[in-house]
Amino acid sequence: MGYCQDDQLVNTICDLYDKISKLETLKPCEDVDTLFKQLVSTCIPPNPNIDVTKMSQSVQEMRSNLIKICGEAEGYLEHHFSSILTSFEDNPLHHLDLFPYYNNYLKLSKLEFDLLDQNLNGSVPKTVAFIGSGPLPLTSVVLASFHLKDSIFHNFDIDASANSVAARLVSSDPDLSQRMFFHTVDVMDVTESLKGFDVVFLAALVGMDKKEKVKVIEHLEKHMSPGALLMLRSAHGPRAFLYPIVEPCDLQGFQVLSVYHPTDEVINSIVISRKLDGDGNGHVAHDDHIDQASDLACNCSKIHVIMNKKKNIIEEFAGANEEQLT
């Protein structure tokens, strides 16, 4: 194997990486499902002795490749289930529990909402951005459905096909179809419009390595309004073999408010911070953000308004990868 240390857990991960990297496809199937379940079950148990940043260069290179593979597999998994859900003639959102890891999203979104609630001083965000929403935007859907029932959600993804299927997923819901919008754009090309959001979520796989992640954070810091909250997903311990790590020192120009490391089946750590002004102070976000965000369609991106196309055949579930939360 060559790039693995003596640690048994790391060796197990390296062995799984070898097997996963030799797969003919990362699309949902029995082999993919089995290997990713093994990988996630290996990485989930908390282990304070594991610090990926202090491991050998060869292990860190393997980890970087593994994160990219996990991201690709996660995209296929979400596309697969989003297609299944939009096959229903009634509201597809009534069938979200078909996604095998839906409960994990319920738990993660509740954790994130609780952290938001603690740091919003009783106010409710009018406008929320989710960057890297993907083909199955479960975080936005869960937050909008159960926790932020009056907020407007703008979902950003660089992949037009992901936005297309995601927009179709919510288009037949009478409430969310009026409060949820999808933009096909690279977040690095979004500037003035970022000032219109009270809260910005950054998906775990937007910026798959430290350099890319910091570049995105610096861009957000430059264009978000002072006082707006930035919610990021990170990873801790062995879970950092699945997702990039965001450390407080990466958040220059932000006041880190809380860092939470789950120890249950919720994989991602949560980091919440507040954008500072030029004097290093955080201000409450302006009430007129909703008006600025409403101009997004003409400012920076293409909004997909796609009516639900009914299908006659529901695709059979061929198997699924273990979830890596987006």
Side-chain angles (χ1 to χ4, degrees), residues 1-4 9-44 52 58-87 96 98-102 104-105 108 131-139 157-166 168-169 184 186 203-209 212-213 233-235 238-245 265-268 314-326:
M1 215 169 290
Y3 45 64
C4 280
L9 184 144
V10 177
N11 277 311
T12 300
I13 294 171
C14 289
D15 182 55
L16 287 167
Y17 166 75
D18 280 343
K19 294 177 180 177
I20 289 171
S21 62
K22 293 173 183 175
L23 289 167
E24 293 183 1
T25 180
L26 292 173
K27 294 181 179 180
C29 64
E30 186 175 355
D31 289 344
V32 171
D33 179 47
T34 299
L35 286 173
F36 275 94
K37 281 185 176 180
Q38 292 175 1
L39 176 64
V40 173
S41 63
T42 300
C43 294
I44 275 188
V52 297
S58 56
V59 171
Q60 294 198 47
E61 288 175 1
M62 180 278 295
R63 170 183 172 255
S64 178
N65 291 333
L66 183 58
I67 288 173
K68 292 175 183 176
I69 290 173
C70 288
E72 186 178 351
E74 182 174 333
Y76 285 130
L77 178 68
E78 291 191 4
H79 263 289
H80 177 75
F81 274 96
S82 199
S83 296
I84 291 175
L85 290 167
T86 54
S87 300
L96 289 177
L98 287 177
F99 187 65
Y101 314 111
Y102 176 56
N104 285 27
Y105 274 97
L108 176 62
I131 299 167
S133 48
L136 191 61
L138 281 178
T139 299
D157 203 284
I158 200 169
D159 184 351
S161 65
N163 276 333
S164 183
V165 69
R168 193 180 313 137
L169 190 68
T184 299
D186 186 333
L205 293 174
V206 175
M208 288 195 179
D209 59 33
E212 291 178 0
K213 184 75 74 175
R233 290 172 180 176
S234 180
R239 301 171 184 212
F241 280 101
L242 305 175
Y243 289 105
I245 297 172
E265 66 270 25
V266 174
I267 296 174
N268 287 116
I314 297 175
E315 188 177 356
E316 289 290 327
F317 169 45
N321 306 336
E322 184 68 30
E323 177 198 20
Q324 295 93 47
L325 297 173
T326 61

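Since the model is a prediction, treat every value here as computed from it, not as a measurement.
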Non-neighbouring partners of Lys68 that pass salt bridge (Lys or Arg N to Asp or Glu O under 4.0 Å), sequence neighbours left out: none
Keeping [X] on the side-chain end and [Y] on the backbone end, is there a donor-acceptor pair under 3.5 Å?
X      : Y      : value
Ser41  : Gln38  : yes
Lys27  : Leu77  : no
Asn268 : Ser234 : yes
Ser64  : Gln60  : no
Arg239 : Val266 : yes

Which atom names give the shortest non-hydrogen contact between [X] and [Y], and what distance separates them?
X      : Y      : answer
Gly207 : Pro244 : O-CG, 3.6 Å
Cys43  : Pro238 : O-CB, 3.4 Å
Ala203 : Gly132 : CB-O, 3.4 Å

By side chain to side chain contact (heavy atoms under 4.5 Å, CB included), which residues pair with [X], not counting sequence neighbours?
X      : result
Ile158 : Asp186
Pro135 : Glu78, His79, Ala162, Val165
Asn65  : Tyr17
Glu212 : Met208, Asp209

What distance separates [X] [atom1] from [Y] [atom2], expressed to the nearest 0.5 Å?
X      : Y      : atom1 : atom2 : result
Leu23  : Ile69  : CG    : CD1   : 8.5 Å
Ile13  : Met62  : CD1   : CE    : 6.5 Å
Tyr105 : Leu136 : OH    : CG    : 6.5 Å
Ser83  : Leu169 : OG    : CG    : 9.5 Å
Thr42  : Leu242 : OG1   : CG    : 9.5 Å
His80  : Leu85  : NE2   : CG    : 10.0 Å

Residue pair Pro28 / Val32, side-chain heavy-atom distance below 4.5 Å: no
Side chain proximity check, Pro100 to Phe81, heavy atoms < 4.5 angstrom: yes
All side-chain hydrogen bond (donor to acceptor under 3.5 Å, both in side chains) counterparts of Ser21, not counting sequence neighbours: none
With sequence neighbours excluded, residues passing side-chain hydrogen bond (donor to acceptor under 3.5 Å, both in side chains) with Asp159: Ser161
Chi angles and distances behind the side chain to side chain contact (heavy atoms under 4.5 Å, CB included) call for Ser133, Asn163: CA-CA 8 Å; Ser133 48; Asn163 276 333; 4.2 Å; yes
CA sep, side-chain torsions, deciding dist, call: Ile84, Phe99, side chain to side chain contact (heavy atoms under 4.5 Å, CB included): CA-CA 9 Å; Ile84 291 175; Phe99 187 65; over 6 Å; no
Name of the residue among Ile20, Leu39, Leu205, Leu26 meeting side-chain contact (heavy atoms from CB on, under 4.5 Å) with Cys70: Leu39
Derivation of the side chain to side chain contact (heavy atoms under 4.5 Å, CB included) call for Phe241 and Val59: CA-CA 10 Å; Phe241 280 101; Val59 171; 4.1 Å; yes
Presence of salt bridge, Asp15 and Lys19, under 4.0 angstrom: yes
